[in-house]
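A quick write-up on the structure given underneath.
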Amino acid sequence: ATAGKEKKPAGLFLALHGIGLLAMLVAGIGFAHKSGLGWPNWVIAKIGCWVLLAVLPTLMRRGVLPRAMAVLLALAIGGAAVWLAQMKPF
């Protein structure tokens, strides 16, 4: 009887996760277009970081990554994305 109730919040989480990712993608591309950035290499690398961050919950849920490893990877990848945006190294 509780199995149906457990799936509903997970589905809601996945839906909100996808909507949030789509909103960030649209906002980021809009910002890059309005500011005239174009597609420098650091923007492409930052998009790669966001894609990896988007996949982490799925990898953790399927048991590919342990929870602690996923949290450490999320912190490292998030830090790399911030560094790319601040330093614009390439």
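Leu72 is not listed as a side-chain neighbour of Arg67, based on a closest heavy-atom distance of 4.5 Å or more.
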Show every donor-acceptor pair shorter than 3.5 Å between a side-chain atom in residues 81-90 and any protein atom, with sequence neighbours excluded, or say none if there are none.
from: Lys88; atom 1: NZ; to: Ala85; atom 2: O; distance (Å): 2.7

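Enclosure of atom CH2 in Trp50 is not indicated, since only 12 or fewer non-hydrogen atoms of other residues, nucleotides or ligands lie within 6.0 angstrom. No more than 12 heavy atoms of other residues, nucleotides or ligands sit less than 6.0 Å from atom CE of Met69.
Residues Met60 and Leu75 do not share a hydrophobic cluster, clusters being chains of Ile/Leu/Val/Met/Phe/Trp/Tyr side chains in contact below 4.5 Å. No chain of hydrophobic side-chain contacts below 4.5 Å, direct or via other Ile, Leu, Val, Met, Phe, Trp or Tyr residues, connects Leu21 to Phe13.
The side-chain contact (heavy atoms from CB on, under 4.5 Å) check on Arg62 picks up Thr58, Val64, with sequence neighbours excluded. The side-chain contact (heavy atoms from CB on, under 4.5 Å) test applied to Leu52 returns Ile77, not counting sequence neighbours. For Ala32, the side-chain contact (heavy atoms from CB on, under 4.5 Å) criterion is met by Leu37, not counting sequence neighbours. For Ile29, the side-chain contact (heavy atoms from CB on, under 4.5 Å) partners two or more places apart in sequence, or in a different chain, are Leu25, Trp39.
For the pair Pro57 and His17, the tightest heavy-atom approach, listed with the atom from each and the gap, is CG-CE1, 3.9 Å.
Judged purely by atom type and a 3.5 angstrom limit, His33 has no side-chain atom pairing as donor or acceptor with the backbone of Gly38.
Residue Leu22 shares its hydrophobic cluster (ILVMFWY side chains chained together at separations under 4.5 Å) with Val26. Hydrophobic cluster of Ile19: no remaining members, since no ILVMFWY side chain lies below 4.5 Å from it.
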